[in-house]
Amino acid sequence: MAASSAEPVIRIRDLTRVYRMGDSEVRALDGVTLDVAPGEFLAVMGPSGSGKSTFMNILGCLDRPTSGTYVLEGTDVSTLDRNERAGIRNDKIGFVFQSFNLLSRTSALENVELPLLYSRKHRLSDAGQLEKARGCLAKVGLAERWDHTPAQLSGGQQQRVAVARALVNDPAILLADEPTGNLDSRTSDEIMGIFQELNEEGKTVVLITHEHDIAEYARRVVAFRDGRIVSDDVVKERRSAKGTR
C-alpha cells in the first residue's frame with residue numbers, strides 16, 4: 001500500500017531533547033523535523049549515540065522533548081503530562097520490542113488481551129476482549145497456540161505474540177524497536193513478512209533498527225547522526241518477505 005497524501009499521522013517540528021550533565025549539556029536531538037503519512041513503513045537508523053533511541057522514546061511517549069512539537073493523530077503529545085502520555089501510549093501506539101516483553105506466567109492469549117484491560121477507547125465485555133485477542137493471534141498465525149506460555153514458544157513465536165499484542169488496541173502506529181535483534185535470519189524474515197503484510201493492509205509502521213538488510217523491508221529510511229536527520233530516502237530496491245511465513 002502506498003503512503004497516503006492525507007494529514008500526517010505523525011508530525012514533528014524542530015524536536016530537540018537536551019540532557020544536562022553537570023555544567024554541560026548533550027543535545028540528543030537537535031531540531032528534528034519529520035512527517036509520517038498514514039500507511040507508511042518507515043525505518044529509522046543510526047549508530048550508537050546518533051539520537052535514534054531518544055527519538056524512539058519521544059515517539060513512544062516515554063519521554064518529552066525539551067522543545068519543539070510532536071503531533072500524533074492531531075494530538076500535540078509534547079504538551080501532555082505523564083499520565084496523559086500513558087493514555088496515548090496505550091491507545092495509539094503498538095509496541096514491539098527486541099526482548100518481546102511478554103509476561104512469563106500467562107498464556108499467549110492473556111498477553112495479547114492485556115492492553116485491552118487499560119484501554120480508554122475499547123469498552124468490550126470479557127467475551128469481546130477474548131474474541132479480539134484471538135483474532136489478533138490468528139492474524140499472526142498463532143491461533144492454535146493461544147494457551148501456550150512464552151516458555152513453550154520459540155523466539156519467533158514469542159515475537160508474533162508481541163506483534164498481536166501491539167495490534168489489539170487498533171493503534172495509529174506500530175513502533176518496533178529492533179524487533180529482529182534476538183532472532184535468526186530466517187525467523188527475522190518471517191517477522192518482517194508480518195510487518196509488511198500489516199503495512200499492505202494500511203497499518204503505519206515505524207521500525208528502529210541498526211541492520212541495513214532489515215531496513216530494506218521498509219519503504220523509507222531516515223538516518224540519524226549527532227541528533228539530526230542526515231538522510232531521508234525512499235527504498236528503491238525493497239526487500240520482500242512474501243512466502244516466508
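Side-chain atoms are counted along with the backbone in the values below, which use heavy atoms only and exclude waters and symmetry mates.
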Distance-minimising heavy-atom pair for Pro8 and Pro38: CA-CD, 4.2 Å
side-chain contact (heavy atoms from CB on, under 4.5 Å) between Ile58 and Arg64, intermediate numbers included: CA-CA 6 Å; Ile58 292 176; Arg64 291 179 64 179; over 6 Å; no
Minimum-distance pair of heavy atoms, taken over all atoms of Val168 and Lys132: O-CE, 2.7 Å
Common cluster, Leu102/Leu153, ILVMFWY with side-chain heavy-atom separation under 4.5 Å: yes
Heavy atoms of other groups near Arg225 CZ, more than 12 under 6.0 Å: no
Any Asp226 side-chain heavy atom under 4.5 Å of Ser50 side chain: no
Salt-bridge criterion met for Arg13 and Asp35 (N-O under 4.0 Å): yes
Arg220/Asp233 under salt bridge (Lys or Arg N to Asp or Glu O under 4.0 Å): CA gap, chis, key distance, verdict: CA-CA 6 Å; Arg220 173 185 170 200; Asp233 301 308; over 6 Å; no
Under 3.5 Å donor-acceptor, Thr75 side chain and Val77 backbone: no
side-chain contact (heavy atoms from CB on, under 4.5 Å) between Arg27 and Tyr19, worked out: CA-CA 6 Å; Arg27 299 178 76 83; Tyr19 294 100; over 6 Å; no
Expected output: side-chain Thr33 to main-chain Asp14 donor-acceptor under 3.5 Å: yes
From CD1 (Ile191) to OH (Tyr217), nearest 0.5 Å: 11.0 Å
Option from Val26, Leu62, Leu29 for which side chain to side chain contact (heavy atoms under 4.5 Å, CB included) with Thr54 holds: Leu29
Lys52 side chain to Met45 backbone, donor-acceptor under 3.5 Å: no
Atom pair CZ/CG of Phe95 and Asn101 - distance to nearest 0.5 Å: 10.5 Å
Student check: side-chain heavy atoms of Pro171 and Lys92 closer than 4.5 Å: no
Given Asn111, Val163, Leu142, the one that forms side chain to side chain contact (heavy atoms under 4.5 Å, CB included) with Leu137: Leu142
Val140 backbone acceptor or donor facing Arg160 side chain under 3.5 Å: yes
Interatomic distance, Gln196 atom CD to Arg238 atom CZ [nearest 0.5 angstrom]: 4.5 Å
Donor-acceptor contact below 3.5 Å, side chain Asp177 vs main chain Phe97: no
Leu109 side chain near Arg134 side chain, heavy-atom distance below 4.5 Å: yes
Pairwise side-chain contact, Val44 with Thr209, heavy-atom cut-off 4.5 Å (strictly under): no
Face-on cation placement of Arg228 at Phe224 ring, 6.0 Å and 45° thresholds: no
CE on Met192 to CD on Glu216, rounded to 0.5 Å: 11.0 Å
Test item: Ile93 and Leu72 side chains (from C-beta on) under 4.5 Å apart, heavy atoms: yes
Verdict with reasoning, Arg11 to Glu73, per salt bridge (Lys or Arg N to Asp or Glu O under 4.0 Å): CA-CA 8 Å; Arg11 171 163 285 176; Glu73 277 201 327; over 6 Å; no
Ile10 with Leu34, same ILVMFWY side-chain cluster at under 4.5 Å: yes
Any donor-acceptor pair under 3.5 Å from Thr16 side chain to Gly31 backbone: yes
CA sep, side-chain torsions, deciding dist, call: His210, Glu178, side-chain contact (heavy atoms from CB on, under 4.5 Å): CA-CA 8 Å; His210 68 277; Glu178 302 281 3; 3.0 Å; yes
Ala215 versus Val221, closest heavy-atom pair with distance: O-CG2, 3.9 Å
Residue pair Asn199 / Arg219, side-chain donor-acceptor N/O under 3.5 Å: yes
same_hphob_cluster(Val71, Ile173) at 4.5 Å side-chain heavy-atom cutoff: no
Polar side-chain atom of Asp184 near backbone of Arg186 as donor-acceptor pair, under 3.5 Å: yes
Within-4.5 Å side-chain heavy-atom neighbours: Val206 and Met56: no
Heavy-atom closest pair, residues Gly68 and Ser78: O-OG, 3.7 Å
Partner set under salt bridge (Lys or Arg N to Asp or Glu O under 4.0 Å) for Arg20, not counting sequence neighbours: Glu25
Donor-acceptor contact below 3.5 Å, side chain Tyr70 vs main chain Leu59: yes
Side-chain donor-acceptor contact under 3.5 Å, Ser107 with Glu110: yes
Check: Gln159 side chain, Gly156 main-chain N or O, donor-acceptor pair, under 3.5 Å: no
Pairwise distance CG(Leu114) to CD(Gln129) - rounded to 0.5 angstrom: 10.0 Å
For Thr204 against Gly39, the heavy-atom pair lying closest together: OG1-N, 2.9 Å
Interatomic distance, Asn182 atom CG to Gln98 atom CD [nearest 0.5 angstrom]: 4.5 Å
Cluster link Phe100 to Val161, ILVMFWY, side chain under 4.5 Å: yes
Evaluation steps, side-chain contact (heavy atoms from CB on, under 4.5 Å), between Trp146 and Val112: CA-CA 9 Å; Trp146 67 269; Val112 174; over 6 Å; no
Thr69 versus Leu15, closest heavy-atom pair with distance: O-CD1, 3.8 Å
Sub-4.5 Å side-chain heavy-atom contact between Val222 and Ser231: no
Shared hydrophobic cluster for Val235 and Ile208 (ILVMFWY, side-chain gaps under 4.5 Å): no
Asp81, CG: over 12 other non-hydrogen atoms inside 6.0 angstrom: yes
Backbone of Arg105 reached by a side-chain donor or acceptor of Thr149 within 3.5 Å: no
Under 3.5 Å side-chain donor-acceptor pair for Asp76 and Thr79: no
